[in-house]
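Given the structure is predicted, the values throughout are model-derived calculations rather than measurements. So you know, we letter chains A, B, ... as the sequences are listed, proteins then strands, and number each from 1.
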2 protein chains.
Amino acid sequence: NNNEIIIFKTRGEYWQGCSSGGDSSKESSRCSTPVLDADRSDRLRDKMRKRIESGDHWFSLEFFPPRTASGAVNLISRFDRMGSGGPLFIDITWHPAGDPGSDKETSSMMIASTAVNYCGLESILHLTCCNQSKEKITAYLNKAKHLGLKNIMALRGDPVGSEWEDEEGGFNYAIDLVKHIRSEFDDYFDICVAGYPTGHPEAETYEADILHLKEKVDAGADFVISQLFFRADTFLKFVNDCRAIGIKCPIVPGVFPVQGYQSLRQLAKLSKLEVPEEITRVIEPIKDNDAAIRNFGIHQAVEMCRLLLDSGIVPGLHFYTLNREVATMEVLRQLGLWNEDPRRPLPWAMSAHPKRKVEDVRPIFWASRPKSYIYRTQDWDDFPNGRWGNSSSPAFGELNDYYLFYLKSKSSKEALLQMWGEELMNEQSVYEIFTCYITAQSNPCGHKVLCLPWNDEPLAPETNLLKDELEKVNRRGVLTINSQPNINGKPSTDPIVGWGPPGGYVFQKAYLEFFTSSENVTALLKILKKYEPRVNYHIVNVNGRNWTNANDMQPNAVTWGIFPGREIVQPTVVDPVSFMYWKDEAFALWIEQWAKLYEDESPSRMIVKYIHDNYFLVNLVDNDFPLENCLWQVIDDMFELLSEAQELLSDGAISE
Amino acid sequence: NNNEIIIFKTRGEYWQGCSSGGDSSKESSRCSTPVLDADRSDRLRDKMRKRIESGDHWFSLEFFPPRTASGAVNLISRFDRMGSGGPLFIDITWHPAGDPGSDKETSSMMIASTAVNYCGLESILHLTCCNQSKEKITAYLNKAKHLGLKNIMALRGDPVGSEWEDEEGGFNYAIDLVKHIRSEFDDYFDICVAGYPTGHPEAETYEADILHLKEKVDAGADFVISQLFFRADTFLKFVNDCRAIGIKCPIVPGVFPVQGYQSLRQLAKLSKLEVPEEITRVIEPIKDNDAAIRNFGIHQAVEMCRLLLDSGIVPGLHFYTLNREVATMEVLRQLGLWNEDPRRPLPWAMSAHPKRKVEDVRPIFWASRPKSYIYRTQDWDDFPNGRWGNSSSPAFGELNDYYLFYLKSKSSKEALLQMWGEELMNEQSVYEIFTCYITAQSNPCGHKVLCLPWNDEPLAPETNLLKDELEKVNRRGVLTINSQPNINGKPSTDPIVGWGPPGGYVFQKAYLEFFTSSENVTALLKILKKYEPRVNYHIVNVNGRNWTNANDMQPNAVTWGIFPGREIVQPTVVDPVSFMYWKDEAFALWIEQWAKLYEDESPSRMIVKYIHDNYFLVNLVDNDFPLENCLWQVIDDMFELLSEAQELLSDGAISE
């Protein structure tokens with residue numbers, strides 16, 4: 001009878017792949033640490049392979065480094081926005097004239113590092129080798145490795161002079177770079193090389209060029225991205241020709257949606273490609289109408305991409321974005337490749353640095369400043385995994401430079417002054433700004449308050465659930481900077497509070513964090529006694545004077561999820577120790593981002609400084625997640641007690 | 001205003017005790033791994049100190065080692081029963097004539113080790129030093145340390161001859177042993193010494209004796225347990241005299257409830273104490289009526305204990321149990337010290353070995369055989385803490401000796417044959433035994449089935465929740481050995497399913513584990529496809545042929561709890577790798593505990609062996625804990641499919 005059983009298709013291979021079977025051998029057959037998202041620890045070529053095997057088309061996006069620091073700030077926000085659409089990877093071109101390997105905020109290296117570390121995007125750094133010494137190239141690669149970059153696009157680059165001359169013992173072709181990477185760094189990097197659907201402009205023949213491509217692949221490249229082309233047939237023929245001579249790795253088409261007349265002409269000249277007559281015929285008559293050209297470009301790119309994908313030999317699409325969003329996003333939307341409903345693997349934005357791949361617990365405090373958290377923990381060797389308390393992590397790094405380009409506000413000083421007030425009258429003026437931010441309404445000068453020093457984005461949809469209550473308390477000087485509602489087992493696919501794989505349930509304890517005056521805190525501490533042990537609190541001022549009822553200083557898990565076939569995931573904790581590091585940052589933001597907008601000694605600056613010096617930072621957790629959130633009642637009780645005390649005093653005045 | 005705040009009584013000292021304050025110093029100020037029960041990592045003297053400080057009276061229990069192996073089995077069950085009443089510790093006397101330091105199952109050392117490791121009881125091992133070499137004593141202490149014993153009662157012991165002679169360079173008094181322990185093992189052990197409320201019988205004077213006690217304490221003893229006495233006044237005077245000469249450590253009265261005429265006379269003679277006239281006057285007339293004497297003893301002990309506790313200088317009571325349960329439990333009940341509703345810190349029985357103090361995750365498979373799990377993991381260096389997957393534990397030890405005294409069935413071979421059948425007819429006879437165990441009804445021969453090889457105790461109250469369904473499926477050959485209902489957020493204080501500190505919520509995924517025939521498994525595998533991904537399964541036979549849909553072989557958390565101010569606790573997982581070790585044990589129990597009851601080649605033995613050879617062990621988890629448990633539906637569907645297939649076959653027979 002046992003023999004019959006094997007006729008069922010089973011998933012027993014899971015076990016087989018993990019252990020030698022059912023014998024109780026003495027060695028441990030325990031698998032490595034489970035993670036929520038198995039893909040997270042894959043390298044790019046494995047992710048690509050899995051997508052090809054499953055027939056799931058992907059897209060990727062190419063960007064070039066910006067020229068100015070403010071351009072860098074804008075590009076980083078663009079990474080965040082375009083990253084939400086779900087690219088398999090992005091790539092950053094190498095800009096030899098822009099000091100590409102330096103620590104400048106506009107360098108290719110820094111932009112790629114930011115994309116990986118702070119935006120959590122799988123990224124490829126381009127690298128060109130001509131006119132470079134081996135030592136220099138090795139140094140670039142070491143730096144890239146150190147920064148957490150795992151993928152290199154190996155290119156020759158354009159020679160400096162007009163005449164091309166082989167350099168003895170140097171890098172003359174991309175293949176030399178591929179070989180160098182493999183010989184110096186073994187299998188550490190995934191390597192991509194360029195393919196030319198109509199042959200490299202300098203190649204003797206098309207046939208010689210694809211033979212050269214095969215040599216690059218044989219030397220160790222993992223996949224090919226093609227130069228731009230204008231007709232699907234061109235690319236499909238190219239792929240077939242490559243396959244015919246034995247190139248087996250993925251070959252990805254480089255798609256260029258026409259976005260303007262000038263950029264098209266420039267690119268065609270640069271890549272020595274001729275724009276086909278059917279395109280020039282349409283474009284020439286509308287060359288002064290940017291919108292019309294863009295619409296045509298979108299239409300034309302969608303048509304071409306459909307042909308490519310329908311061919312069955314194109315697994316994904318690579319887009320030359322020219323650092324613009326609209327056209328590429330629209331093409332992807334029309335193709336159904338843009339992820340309109342990005343599922344959050346965890347409630348917070350992950351980093352893609354290899355050493356952070358196991359990280360799945362963070363303190364809640366940096367919820368609106370994830371890049372700052374990543375920056376301040378960049379030197380950690382281990383990251384909390386499974387639970388916060390198990391981690392033997394080092395302390396948080398200082399955050400002295402509030403002007404790091406990935407931390408900088410997206411708004412200009414002028415815009416900030418308009419939002420937060422050219423002139424503050426008193427503490428109430430500050431309460432008003434907070435209230436306007438919560439309600440998304442205009443301040444008295446008619447400007448919407450779209451951000452605060454602690455929140456660079458408008459209110460999260462989840463926080464919006466608390467909007468009415470938040471408005472009420474901010475108006476009265478409970479200046480909220482972070483909060484979450486309680487959740488008692490909503491499906492993990494819930495569009496607002498869901499995260500993690502489908503089929504699970506997510507939970508939260510209600511959380512509220514705010515600045516408030518010492519008078520309020522005096523009353524609050526008295527009120528909180530009534531809420532023991534239901535409510536946990538931490539209260540601290542800028543000098544570190546503090547109160548807490550955190551038992552044994554243990555972290556409190558405030559967000560967790562239960563999933564099929566998994567251990568419990570608890571991505572967010574309120575950790576008493578981390579809170580002391582966070583409070584330094586939270587208080588400093590009053591000065592660094594707000595007070596410094598105003599003249600030294602100006603009344604506005606003094607008001608913000610007074611708050612910084614005298615207010616307390618408070619966090620509250622309602623542990624009883626199945627019941628109605630009691631934190632609003634706590635605040636109400638606090639105001640009630642204050643007004644009773646006020647009455648007592650005024651009675652006293654009368655009786656005297 | 002800030003100054004006003006400090007007038008509130010706060011709990012800020014928690015923070016102060018943990019870190020140097022709010023400055024963001026570079027060193028990590030992270031506390032050690034959080035645990036659910038902070039007490040768990042305290043040493044005995046600290047637990048005692050905390051109880052004294054909180055005014056919370058405790059009790060402790062003294063036992064002596066048994067003479068026979070079956071006596072050891074009985075004593076271990078007594079530890080489990082009496083441990084549930086909540087003693088602060090138990091102690092095991094040193095029996096020099098019984099090879100006390102050996103590996104014999106009846107030795108003092110082994111009994112104390114079993115109490116600590118397998119019963120999870122804080123335990124003190126007595127040790128006597130007279131007529132022993134220093135090397136021998138050091139070897140005993142090293143062995144005790146290795147076994148996880150942390151507390152020693154340092155005694156002189158009785159000299160071998162009738163004449164006492166000082167031994168040059170040897171141990172002559174308990175104080176020599178105290179000094180030796182402190183000099184050789186520093187502060188590792190907590191040390192207890194004996195006090196004599198009426199002076200040691202060999203002491204020159206009472207005053208000299210308490211001065212001698214002070215020397216023992218000054219030499220490093222942590223607390224004192226008194227020899228028995230008959231009047232509260234005797235002890236209270238003794239404590240006051242001790243305090244007067246500067247003995248500051250806890251002094252615990254040794255209470256001896258009179259349990260019989262002979263034992264009283266014997267003990268009095270041994271300890272050279274005179275039984276007071278008010279006791280002999282009552283006892284002599286009833287000396288042949290054991291029950292009457294015991295009742296008197298209970299009454300008398302309760303009266304005396306009340307006086308002691310009411311004095312305000314007695315923090316706890318130590319009981320000389322003489323290895324009996326009834327009298328001591330009754331005294332403790334009447335005093336209100338017996339814990340009638342033991343709160344489970346975790347769903348499973350913990351070990352008290354120091355290296356297991358962080359352990360808070362286990363596979364569910366050993367739920368009814370916790371001692372076996374502890375035995376098979378005794379060589380691990382680390383224990384899973386917080387999550388199973390993080391542990392880099394070694395593999396499970398073999399379990400070849402099913403006759404280890406702490407694993408042995410409490411029932412005799414005769415009793416087992418009565419329960420499980422003197423003669424089995426067929427597989428159905430086995431189904432019937434399982435069904436009788438579930439329903440707690442008599443088998444066809446009129447004997448109740450109180451245990452099964454996989455369950456040494458009657459059905460747990462929690463499993464009782466599933467009784468009707470379990471009965472139904474066992475009757476049809478789904479032989480269940482482990483199960484739990486789904487729980488969606490019951491209070492942690494729930495009397496049946498609750499565990500952990502109050503104020504929390506506990507959750508479970510429904511779990512079912514059973515043996516069943518390969519025919520059933522064939523149908524089950526087909527049915528399970530309909531339940532993907534809601535139901536996780538593992539199915540394996542004795543040879544290791546297996547099927548599972550456990551994604552990436554990750555463990556599945558099936559019991560977890562959410563508590564105020566804590567990270568999530570998930571004490572029970574279904575771990576695919578451990579299951580393969582468990583299945584060896586689960587299958588072997590058929591042979592070792594059941595088949596071997598019968599003659600070689602006997603039909604009964606062949607029937608059990610057939611099941612062992614041909615049945616599969618199945619475990620099922622219903623991941624959707626908020627919905628109604630679907631596992632019964634899975635089994636129903638399986639039987640439905642089988643009967644449809646049966647019909648098809650019989651139709652076929654007709655049409656042929």
- Message: Under a 4.5 Å cutoff for heavy-atom pairs, which residue among Asn623(B), Ile539(B), Asp622(B), Leu528(B) has the most contacts with chain A?
- Response: Asn623(B)
- Task: Report yes if some heavy atom in the side chain of Phe507(B) is under 4.5 Å from a heavy atom in the side chain of Ile562(A); otherwise report no.
- Result: no
- Taking every non-hydrogen atom, the tightest pair across Glu567(A) and Gln570(B): OE1-NE2, 2.7 Å
- For Val621(A), is it the side chain, the backbone, both or neither that has a heavy atom under 4.5 Å from a heavy atom of chain B? neither
- Return the minimal non-hydrogen interatomic distance between Ala557(A) and Ile568(B), and the atom names on each side. CB-CD1, 3.7 Å
- From the list Gly503(B), Gly565(B), Ser517(B), the residue making the most non-hydrogen contacts under 4.5 Å with chain A is Gly565(B)
- Message: I need the residue from Asn556(A), Val574(A), Val361(A) with the largest number of non-hydrogen atom pairs under 4.5 Å to chain B.
- Response: Asn556(A)
- Query: Looking at Pro564(B) and Pro533(A), what are the two nearest heavy atoms and their distance?
  - Reply: CB-O, 3.9 Å
- Under a 4.5 Å heavy-atom cut-off, does chain A meet the side chain of Tyr505(B), its backbone, both or neither? side chain
- Note on the structure: Residue from Asn488(A), Val573(A), Asp624(A) scoring the most non-hydrogen pairs under 4.5 Å with chain B is Asp624(A)
